[in-house]
Student: 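Here you go, one structure.
Here is the naming used below: chain letters follow the sequence lines, and residue numbers restart at 1 for every chain. Below, each value reflects all heavy atoms present in this structure, side chains not excepted, and no hydrogens, waters or symmetry copies.
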Amino acid sequence: MASLPILQFEEKIVETVEQNPVVVVIGETGSGKSTQLSQILHRHGYTKSGIIVVTQPRRVAAVSVARRVAQELDVRLGEEVGYAIRFEDRTSERTHIKYLTDGVLLRESLSNPDLNQYSVIILDEAHERSLNTDVLMGLVKRLIKMRASNLKILITSATLDGEKVSKFFSNCPILNVPGKLFPVEILHSKDRPTSYLDSCLKTAIDIHVREPEGDVLIFLTGQDDIEKLVSMLEDRVRSLQEGSCMDAIILPLHGSLPPEMQVRVFSPPPPNCRRFIVSTNIAETSLTVDGVVYVIDAGYVKQRQYNPSTGMYSLDVVQISKVQANQRAGRAGRTRPGKCYRLYPSKVYQDEFLDVSVPEIQRSSLAGSVLYLKSLDLTDIDILKFDFLDPPSAESLRDALKQLYLIDAIDESGSITTFGRTMAELPLEPSLSRTLMEANEYGCLSQALTVVAMLSAETMLLQGRSKSTEKKRKHPSVDLPDGSGWGDHIQLLQIFECWDENNYNINWCKDNDLQVRGMMFVKDVRKQLAQIMQKIAKGSLDVRTKKRRKESRQDYRNLRMALCVGYANQLAERMLRHNGYRTVGFKSQLVQVHPSSVLKADEEGTLPDYVVYHELIATSRPYMRNVCAVEMAWVTPILEKLEKLDTNKLSGGSAHIEEVADIKQTEILDKKVDGDAVPDDRETILQYEHGADVSFLSVYGKQIGQALNLQIQNKTGLESNLKVDI
DNA sequence: GAGCACTGC
């Protein structure tokens, strides 16, 4: 332990913490900050007046770091040193060093806003800027004003971010703790390659042929590219002359890979063999692969973004930040000196890369966070002026308020309602919390609990789908229920009910291509939600899953009604004469039911007039994912409410949100239009040829005189206008 | 008739 760099700074750290309520600690990889800061402060008496708590953005990190600290202090995990993550609280009355996920600390502060039991709060990995850590930073800033005498805050961050965080906390001191990494030589390419995959391939083979042993880690954006490069590498390696270089193992690594495939990267290679790990940014922070000496960094990452004016998410390939680039490079220097090949010029790194990635708070829907903050009753703070390190846009806050109003979480003046308070207690998106509460009124709580729990685990349910396994499986699970035509929520309910009928048999999951881990998670979530609902209702609710199936002609009416109330802000109306939909309540968007949906059309081939959806996502087109058929009569009250909506009033009058004029107009470079522009008022989707590397979702055309006025929507829902002569 | 990076309560 004595070799950890941070320990040489022990006196300095203690002294600085002694004299300041907030300290920023910049600790590079390998500095030991995550395990040592808490122990240093413990040694100097900070656990006498309370618990030292350390937050982590990820569950595995909270658990593994706690385990290490317990080992180092030679105590049993869960006694003096413990951790708390969702579904798992391993702390006791004797715990004085506690690791937890940032989300758990936020939940705790709901019932104890002053966090009185803690003498020190360490927000670790703050540079990752998770939504929860950002909210915590705002809360903690407020907390030190109230508890200045007996609370110490430490924020750990990255070099490029330290100044900004310090400024946010009234210019608090910054401590630098060097890391313990071997030097990594950075090699930039002269130009940006025209094809990243080809360039990756060439660089990888060059390393393989020329460089001494050591594994190669390659960062790409997603599963598709990874699979392509893996097969390219396999071909190329096979064609190398036998004996001319060492053997090679090529491993893909991404999140949708089944766990048993993911852990393959942890087994060391046989002698005289080099591994190529082709990965998403999962290997940047979440997984650490040992033995890596060479990193190839294409400089891109796939990021999810939310557009508050359309309510639409998109998944975009964007440039990484400098912090990310450095993090990736650092992966080469864990065991010995390494090399990082960047497939972009150093000028691009310097001039184009952001210092830090755009924080999640500026890329997400904020309904949940705003409701959470409202429920804290911070009378001294106006939510809309809440002090964030990077404030979200006014538009995003307005969107959040609108959502909350439509589901009765706040009233027309923006104050939280009793409904809203209950909703904030549930670890769910507000729309789903609202659904549960409504379902309770209609006597279908048990079903709603199942649906909501299934939605929380949706991405973990299906078995990893790579193209190769797809081929093998000609018969896609025919035995699963189909939602009886009402849509995906009902199908999710029916799937869980089937599993319930099969007594939660693990083999049933396997037979039906469902991940066991995912289904177990659903069970846990459902149980947790049921407990919270019981507590709220203070009576006994019927949350049991019913062991009877298929009452004939069950139309799930009550459940669908409850969903309609919860998803008031996620409503779409079918267009006349075709099966496209228009979103209601947002700037009107033409959207389609996702092809994977089980929603059924009637005998005439027509889809229901109204649906609610769980998510709007722009991929090749804007799609509604997870839809449920609802009825006109249930929609009317929502439309009435939308009519009365006054967002200025929702923002509490005093805090008038200023209009933001930062909607970026997409530059149209090429004005060639292909396709049939029908010269009438009907929206017509055209194919649009363009010169910029922006992909457009749709083009609405309208003829005016000899010109065609086009309204063009790009992937993130931003719109631009273009006039074309015809 | 598509396809989705990563977390978390």
Student: Can you identify which nucleotide, out of dC9(B), dG8(B), dA5(B), has its nearest atom closest to the R58(A) side chain?
Tutor: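 Closest nucleotide among those given: dG8(B).
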Student: Using a 4.0 Å heavy-atom cut-off across all strands, classify V301(A) as base, sugar-phosphate, or nothing.
Tutor: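 Contact class for V301(A): none.
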Student: Please report the distance, rounded to the nearest Å, between CD in Q324(A) and P in dA5(B).
Tutor: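 Nearest whole value for this atom pair: 16 Å.
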Student: Picking from dC9(B), dC6(B), dA2(B), which would you name as closest to the side chain of P427(A)?
Tutor: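 Of the candidates, dC9(B) comes closest.
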Student: Using the closest heavy atom to pick a nucleotide of DNA chain B for each, name whichever of L428(A) or T280(A) lands nearer the 5' end.
Tutor: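 Its nucleotide being nearer the 5' end, the pick is T280(A).
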Student: Quick one: which of D161(A), D297(A), D355(A) gives a salt bridge (Lys or Arg N to Asp or Glu O under 4.0 Å) with K322(A)?
Tutor: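 Of the listed options, the one satisfying the test is D355(A).
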Student: Rounding to a whole Å, what distance do you find between R328(A):CZ and dA5(B):P?
Tutor: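 Spelled out: CZ on R328(A) to P on dA5(B) is 14 Å.
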Student: How long is the line joining CD of Q223(A) and C1' of dA5(B), in whole Å?
Tutor: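 Result: 11 Å.
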Student: Do Q362(A) and D390(A) get their side chains close enough for a donor-acceptor pair, meaning under 3.5 Å?
Tutor: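 No, no side-chain donor-acceptor contact under 3.5 Å.
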Student: How many whole angstroms separate atom CZ of F87(A) from atom P of dT7(B)?
Tutor: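 Rounded to whole Å, this separation is 16 Å.
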Student: Just the rounded figure in Å: distance from C1' of dG8(B) to OH of Y372(A).
Tutor: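 Going from OH in Y372(A) over to C1' in dG8(B) covers 14 Å.
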Student: Counting N and O atoms only, with roles assigned by atom type, does the side chain of R363(A) sit under 3.5 Å from a partner on the main chain of R304(A), one being a donor and the other an acceptor?
Tutor: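 Yes, because the side chain of R363(A) sits within donor-acceptor range (under 3.5 Å) of the backbone of R304(A).
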Student: Students often get this wrong, so: under 4.0 angstrom with heavy atoms, is I85(A) touching a base, only sugar-phosphate, or nothing?
Tutor: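 Since only primed, P, OP1 and OP2 atoms lie under 4.0 Å of I85(A), the category is sugar-phosphate.
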Student: Verify whether one side chain among Y196(A) and D225(A) offers a donor that lies under 3.5 Å from an acceptor in the other.
Tutor: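 Per modelled atom types, Y196(A) and D225(A) side chains form no pair under 3.5 Å.
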Student: Would one find a side-chain N or O of R625(A) under 4.0 angstrom from OP1 or OP2 of dA2(B)?
Tutor: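 Answer is no, no contact under 4.0 Å.
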Student: When the distance from NE2 of H127(A) to C1' of dT7(B) is rounded to whole Å, what number comes out?
Tutor: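 Computing the H127(A):NE2 to dT7(B):C1' distance gives 14 Å.
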Student: Does a side-chain N or O of Q303(A) approach OP1 or OP2 of dC6(B) to a distance below 4.0 Å, or not?
Tutor: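 Negative; the distance criterion is not met.
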Student: Can you tell me if the side-chain N/O atoms of T101(A) get under 4.0 Å from OP1 or OP2 in dC9(B)?
Tutor: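 Yes.
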Student: Grab the CG-C1' distance between L131(A) and dG8(B) for me, whole Å please.
Tutor: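 Going from CG in L131(A) over to C1' in dG8(B) covers 10 Å.
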Student: Going by atom types alone, do S130(A) and N132(A) pair a side-chain donor with an acceptor below 3.5 Å?
Tutor: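 Judged by distance alone, the side chains do not pair up.
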Student: Starting at CG of N281(A) and ending at P of dC4(B), how long is that distance when rounded to a whole Å?
Tutor: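 Rounding to the nearest Å, CG of N281(A) and P of dC4(B) are 15 Å apart.
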Student: For the side chain of L315(A), counting heavy atoms from C-beta on, which of dT7(B), dA2(B), dA5(B) is nearest?
Tutor: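 Minimum distance to the L315(A) side chain belongs to dA5(B).
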